[in-house]
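Throughout, residue positions are numbered sequentially from 1 according to the sequence presented. In what follows, every heavy atom counts, from backbone to side chain, and hydrogens, waters and symmetry copies are set aside.
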Amino acid sequence: MQPRSERFISLATRETVALILAGGRGSRLGGLTRRCAKPAVPFGGKFRIIDFPLSNCMNSGIRRVGVLSQYMAQPLVRHLQQGWGFLRGELGEFIELLPAQQRRGEHWYTGTADAVYQNLDLIRELLPEYVLVLGGDHVYKMDYGPMLGAHVSNDADITIGCIDVSIEQARSFGVMTVDGVGKVCEFQEKPANPVEMPGRPGHALASMGIYVFATDYLMAALEEDAADPTSLHDFGNDVIPRALSQGKRVYAYSFEGPDDNQPAYWRDVGSLDGYWEANMELVGITPELNLYDADWPIWTYQYQVPPAKFVFDDEGRRGVAVDSMVAGGCILSGGRVHRSILFHNVLVGDGSTVEQSLLLPGAAVGRGCHIRRAIIDSRCRIPDGMHIGYDAEQDRRLHEISPNGIVLVTPESLGRIHV
């Protein structure tokens with residue numbers, strides 16, 4: 001017989017609809033989001049960022065999912081159609097793309113709360129007990145079942161997923177203080193001076209952008225927010241502070257690591273530096289994010305490409321990759337790759353070296369090139385003999401450079417070489 005706690009959680013997950021906010025432009029990723037929304041940006045050699053919250057839903061037993069799209073949605077639409085069409089509609093399962101419904105006039109989503117508000121018709125049609133709201137631009141593995149279980153046990157109106165971060169990081173997130181039983185006392189969105197956690201100097205309790213709502217409360221709160229002309233129509237700026245001021249039951253759910261000595265893995269990959277660093281962590285010997293975990297697989301669209309190929313074994317012309325991840329369809333034709341990730345269908349030519357870099361799908365590096373600490377965008381063609389990451393002045397003149405010195409090469413920036 002299934003343990004009562006697991007049975008309790010499974011009932012909660014079946015009564016939940018998940019809404020993934022995937023319409024953001026992601027301007028901090030620069031040219032990587034010129035042609036696609038941030039959740040559709042490639043990650044980890046073969047995935048896209050949105051595969052992580054979607055996989056978390058599937059592995060948690062939540063099989064009614066709406067993806068709220070807006071900016072540059074076509075790559076996201078294609079990915080969902082190709083890789084996420086395996087659910088059974090006759091069983092009530094779905095992953096459905098939800099563009100802006102323009103419920104409040106002729107405008108698109110104006111904030112996170114407005115995005116959900118514009119899809120209230122779907123919530124009213126399905127009438128779930130709970131609505132799980134997720135960001136589509138974070139990389140992590142999380143079972144949402146225990147969080148739903150905590151929400152039900154606390155008879156909460158809102159439960160906020162939270163994580164321990166440094167004070168410096170906390171300035172970019174919603175920060176909360178809680179009492180001894182996890183009830184939220186105060187919530188501030190992106191504060192200049194975050195409140196430290198008791199007994200944890202230099203650390204704050206930050207929102208992960210993961211919320212569980214009691215459906216009845218959510219619908220009423222969104223109607224109230226939509227009617228407020230002063231609101232930014234955002235969960236962190238408006239809905240949660242208003243709930244606290246009204247005395248609603250708002251609880252924090254702390255996302256913990258597998259043991260007391262290891263923090264939970266959760267990465268905001270919304271900046272070039274954050275995106276590069278999270279990818280680079282994967283080539284370590286024992287990365288915190290285990291992509292080889294058969295108990296919690298990350299699902300995605302499987303490209304039909306041949307195996308990776310490494311050719312030539314001559315001095316100065318050796319196809320080799322060390323401490324790297326190389327996806328299918330790649331050909332290392334006499335080029336050397338070290339501590340890098342090559343996505344599918346990448347070519348590295350004779351005598352070229354690639355170090356601490358990401359080569360996104362379809363990129364090609366010519367002969368005699370030297371690349372380090374760079375992100376090479378999809379379908380870029382690096383000319384023979386080009387050096388990237390060695391001359392900061394030249395890189396800055398041609399390409400985007402992150403605060404930590406990561407060079408982003410795009411087809412547009414390569415077009416400036418001969419200008």
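Counting heavy-atom neighbours within 6.0 Å of E393 CD, excluding the residue itself, gives a total of 12 or less. Heavy-atom neighbours of R367 CZ from other residues, nucleotides or ligands within 6.0 Å: at or below the threshold of 12. By the 6.0 Å contact criterion, CG on N193 is open, its count of non-hydrogen atoms from other residues, nucleotides or ligands being 12 or less.
In summary, the aromatic rings of H151 and Y130 are positioned with their centroids under 6.0 Å apart. Y265 and W296 have their aromatic ring centers separated by at least 6.0 angstrom. When ring centroids are compared, Y301 and Y303 come within the 6.0 Å threshold.
Paired with D51 under the rule side chain to side chain contact (heavy atoms under 4.5 Å, CB included), one option of V139, N56, T300 passes, and it is T300. Partner of H138 under the ring-ring contact (aromatic ring centres under 6.0 Å, His included) criterion, out of Y275, F173, W266, F255: W266 alone.
Between Y144 and L134 there is a side-chain heavy-atom pair separated by less than 4.5 Å. Within the 4.5 Å cutoff, the side chain of L408 has no heavy atoms near those of the H399 side chain. Taking the side chain as every heavy atom from C-beta outward, D225 and Y117 never approach each other to under 4.5 Å. Put simply, the side chain of V326 reaches to within 4.5 Å of the side chain of F310, judged on heavy atoms. Within the 4.5 Å cutoff, the side chain of S60 has no heavy atoms near those of the M147 side chain. Counting only heavy atoms from C-beta outward, the side chains of E15 and L148 never approach each other to under 4.5 Å. Contact of the P194 side chain with the R171 side chain is registered, since non-hydrogen atoms from C-beta on lie closer than 4.5 Å. Counting only heavy atoms from C-beta outward, the side chains of I375 and N279 never approach each other to under 4.5 Å.
Distance check: L87 CG to E96 CD gives 11.5 Å after rounding to the nearest 0.5 Å. Interatomic distance, L222 CG to H233 NE2, rounded to the nearest 0.5 Å: 11.0 Å. Rounding to the nearest 0.5 Å gives a distance of 11.5 Å between NZ of K183 and OG1 of T159. Atom CG of L244 sits about 8.5 Å away from atom SG of C185, to the nearest 0.5 Å.
A distance-only check finds a donor-acceptor pair linking the side chain of S153 to the backbone of G149 [under 3.5 Å]. In terms of modelled atom types and a separation under 3.5 Å, the side chain of S352 and the main chain of G368 share a donor-acceptor contact. Distance alone, capped at 3.5 Å, places no donor-acceptor pair between the E412 side chain and the G31 backbone. Not one N or O on the side chain of S340 forms a donor-acceptor pair closer than 3.5 Å with the backbone of S324. Side chain of N154 to main chain of A150: a donor-acceptor pair is present (N/O by atom type, distance under 3.5 Å, no hydrogens or angles). N237 contributes no side-chain N or O that, together with a main-chain N or O of L232, makes up a donor-acceptor pair within less than 3.5 Å. For the pair Q304 (side chain) and Q302 (backbone), a donor-acceptor distance under 3.5 Å is present. Proximity of a side-chain donor or acceptor of E196 to a complementary backbone N or O of G202 within less than 3.5 Å is detected.
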Which is it for V269 and L29 under the side chain to side chain contact (heavy atoms under 4.5 Å, CB included) test, yes or no, and what are the steps along the way? CA-CA 9 Å; V269 292; L29 282 175; over 6 Å; no
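Between R35 and D377 there is a salt bridge, with a side-chain nitrogen of the basic residue lying less than 4.0 Å from a carboxylate oxygen of the acidic one. A salt bridge links R317 to D350: one of the charged nitrogens lies within less than 4.0 Å of a carboxylate oxygen. With respect to the salt-bridge test (charged N to carboxylate O, under 4.0 angstrom), the residues D395 and R373 do not qualify.
Counting all heavy atoms, side chain and backbone alike, C369 lies closest to G385 at SG-N, 3.6 Å. Counting all heavy atoms, side chain and backbone alike, G136 lies closest to P53 at CA-CG, 4.2 Å.
Taking F52 as the reference, F43, F47 meet the ring pair (Phe, Tyr, Trp, His ring centres under 6.0 Å) condition, with sequence neighbours excluded.
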Side chains of residues 327-339: which donor-acceptor pairs under 3.5 Å do they make with residues two or more places apart or in other chains?
none

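Using modelled atom types and a 3.5 Å distance limit, the side chains of Y109 and N119 yield a donor-acceptor pair.
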